[in-house]
Amino acid sequence: MTSADHDPDRSLLDAIERYYDAVPRSAARAEDFGPLTLFVREGAGWPYYARPTLGHRGPAATAADVRRVLGRQRELGLPEAFEWVAEHDPALRAAVEAAGLVVHEHPLLVLGPGDEPAPLPGLPEGTRVRVLAADAPELASAVTVPHLAFGDPGTGVGTAGAAELAEAVGRMVAEGTVERIAGRITDGTTVLAAALADGSALCAGQHNPVGAVTEVAGVGTLPSARRRGLGLAVTAALVAHARANGVRTVFLSAADEDVARIYRRAGFRPFATALIAEPAPERSGS
C-alpha cells in the first residue's frame, strides 16, 4: 500500500476532500448522481472526472451508481474517469471495480499546518526558479514543458529538449492553453513557478489555492534536463509561495513511490492514497 502506516488525521482528510470538491467548480458544472458528482468542464481545458459527493449521508455508491455516471460520461464524450481518496471513501473501490474499471494507486503526500518544508535546494549554475506573472515572457514555455514531461514519463533523462519544446510551444499557443493559464494566474486560481535558463523553462509546476489549502500539481521537467534537482526546486518554490500567502496545508499526489521519494525531500510526508479509476486498456490482437 502507498498510504501512511496509520490512519490519517480526519480533520486534514476532510479539508483535502473539501478542496477536491471546490477546485473543479471554478471551471466546471457539477451534475448530481446521489453519492457521486460528475464535474463537466465549461469551455476549453483538461476534462474533469467524477468523485464522491461532498457531505453525502446516504448509502455508499454501488456499481449501478458508477454505471449511471459512466453512461453520462459516454453521452458527453468525456473520459470515463473517477478520482477519490481511499481513506475517505474506502467502499468506492469495490463499486468501480464491479463496474469494470481499473483502479490505480498514487501516494498522497502532505505538508500540514504543523509541518516544516525543507529549505530551497541549490540550482545548477545559470538556472533560477521564479513564480511567473501572466505576462512573463517565459510563460509559454513554462505552460508547455510539463506536457512534454508527461509524454515521456519516469525520472530518467530523456531525449526531448529545446527543439521539441519550441515546437510544442507553438501548438500550445495556437490551442489557447497559454492564454487560459494566463487568465487563471491573473484571477489568482493558479500560481505557476518555473526553473528558467536562457530565457526558457526547463521545469514548471503549479499550485491552485482554495482558502488555506492548495495542491501542487503538474510539476514536470524537460526530459533532457532531468536529474538536476529542478522538480524539487520548483516544488519548494511553490510551497514557499503558498505558505507566504496564507496557505497552511499543501498536498500532492505522486505518480509512484519513486516520485514520492523526491517530494519527501521537500518535506512532504506520506498521508493517504489517491485513487484513479479508468477503463482497462484494450487488448490488441484476437
Side-chain angles (χ1 to χ4, degrees), residues 1-4 6-110 150 189 208 210-211 213-215 217-218 249 251-256 270-283:
M1 293 295 292
T2 55
S3 63
H6 54 82
D7 291 337
D9 177 270
R10 189 70 194 188
S11 62
L12 192 52
L13 197 60
D14 287 345
I16 290 174
E17 192 67 16
R18 290 192 296 272
Y19 175 92
Y20 272 135
D21 180 80
V23 164
R25 295 179 185 272
S26 67
R29 71 175 187 273
E31 296 193 1
D32 180 14
F33 288 82
L36 299 169
T37 297
L38 173 61
F39 292 103
V40 181
R41 176 172 284 280
E42 306 264 301
W46 191 258
Y48 286 113
Y49 38 75
R51 58 174 294 101
T53 297
L54 184 67
H56 178 70
R57 296 289 181 263
T62 65
D65 294 318
V66 174
R67 292 189 187 100
R68 283 201 304 134
V69 175
L70 288 170
R72 179 60 171 160
Q73 288 172 322
R74 294 182 192 120
E75 178 185 346
L76 295 172
L78 300 175
E80 297 171 27
F82 291 72
E83 297 188 11
W84 74 102
V85 177
E87 290 77 4
H88 195 275
D89 295 277
L92 184 54
R93 181 169 191 155
V96 299
E97 289 179 335
L101 300 179
V102 175
V103 177
H104 305 280
E105 297 185 357
H106 300 277
L108 193 153
L109 301 96
V110 69
F150 301 144
T189 53
N208 303 284
V210 177
V213 181
T214 195
E215 179 183 21
T249 297
F251 74 98
L252 56 85
S253 56
D256 53 37
F271 179 70
T273 310
L275 300 181
I276 298 176
E278 59 188 9
E282 294 185 5
R283 295 180 178 179

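The analysis underlying the following values was restricted to heavy atoms, covering all of them including side chains, and did not include hydrogens, waters or symmetry mates.
Qualifying side chain to side chain donor-acceptor pair (under 3.5 Å) partners for Asp21, counting only residues two or more places apart in sequence or in other chains: Arg25. Take Arg68 and apply the side chain to side chain donor-acceptor pair (under 3.5 Å) test, not counting sequence neighbours, and it matches no residue. With sequence neighbours left out, the side chain to side chain donor-acceptor pair (under 3.5 Å) criterion links Thr189 to Asp187. Leu70 is linked by a side-chain contact (heavy atoms from CB on, under 4.5 Å) to Val66, Gln73, Arg74, Glu80, Phe82, Ala99, Leu101, counting only residues two or more places apart in sequence or in another chain. Residues that satisfy the salt bridge (Lys or Arg N to Asp or Glu O under 4.0 Å) test with Asp14, not counting sequence neighbours, are Arg10. Legend: residues meeting side-chain contact (heavy atoms from CB on, under 4.5 Å) with Val102, ordered by chain and number and at least two apart, are His104, Ala280. The side-chain contact (heavy atoms from CB on, under 4.5 Å) check on Pro90 picks up nothing, with sequence neighbours excluded. With sequence neighbours left out, Thr249 forms a side chain to side chain donor-acceptor pair (under 3.5 Å) with no residue at all. Every residue was checked against the salt bridge (Lys or Arg N to Asp or Glu O under 4.0 Å) condition with Arg67, not counting sequence neighbours, and none meets it.
The shortest non-hydrogen separation linking Leu108 to Ala274 is CB-N, 4.1 Å. Contact record, Pro35 with Pro59: CB-O, 3.9 Å, taken as the closest heavy-atom pair. Heavy-atom minimum distance, Ala63 versus Ala98: CB-CB, 3.8 Å.
Between the side chain of Asp89 and the main chain of Leu92, no donor-acceptor pair closer than 3.5 Å is present. No donor-acceptor pair under 3.5 Å is formed between the side chain of Thr37 and the backbone N or O of Asp32.
A heavy-atom distance below 4.5 Å is found between the side chains of Glu87 and Leu13. Looking at heavy atoms from C-beta onward, Thr273 lies out of side-chain contact with Arg93 at the 4.5 angstrom threshold. Val96 is listed as a side-chain neighbour of Val103, based on a closest heavy-atom distance under 4.5 Å. Using a 4.5 Å heavy-atom cutoff, the side chains of Glu83 and His106 are not in contact.
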Report task. Report the C-alpha distance between Leu36 and Arg72 in whole Å, list the side-chain angles of each, state the deciding distance to 0.1 Å, and finish with yes or no for side-chain contact (heavy atoms from CB on, under 4.5 Å). Result -> CA-CA 12 Å; Leu36 299 169; Arg72 179 60 171 160; over 6 Å; no

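Asn208 contributes atom CG, which lies 8.0 Å from atom OG of Ser26 (distance to the nearest 0.5 angstrom). Atom CG in Leu38 sits 10.0 Å away from atom OG1 in Thr53 (nearest 0.5 Å).
Pairs engaging residues 18-54 under the ring-ring contact (aromatic ring centres under 6.0 Å, His included) rule: Tyr19-Phe251, Tyr20-Phe251 [sequence neighbours left out]. Listed by first and then second residue, the salt bridge (Lys or Arg N to Asp or Glu O under 4.0 Å) pairs that reach into residues 39-63 are Glu17-Arg51, Arg29-Glu42, sequence neighbours excluded.
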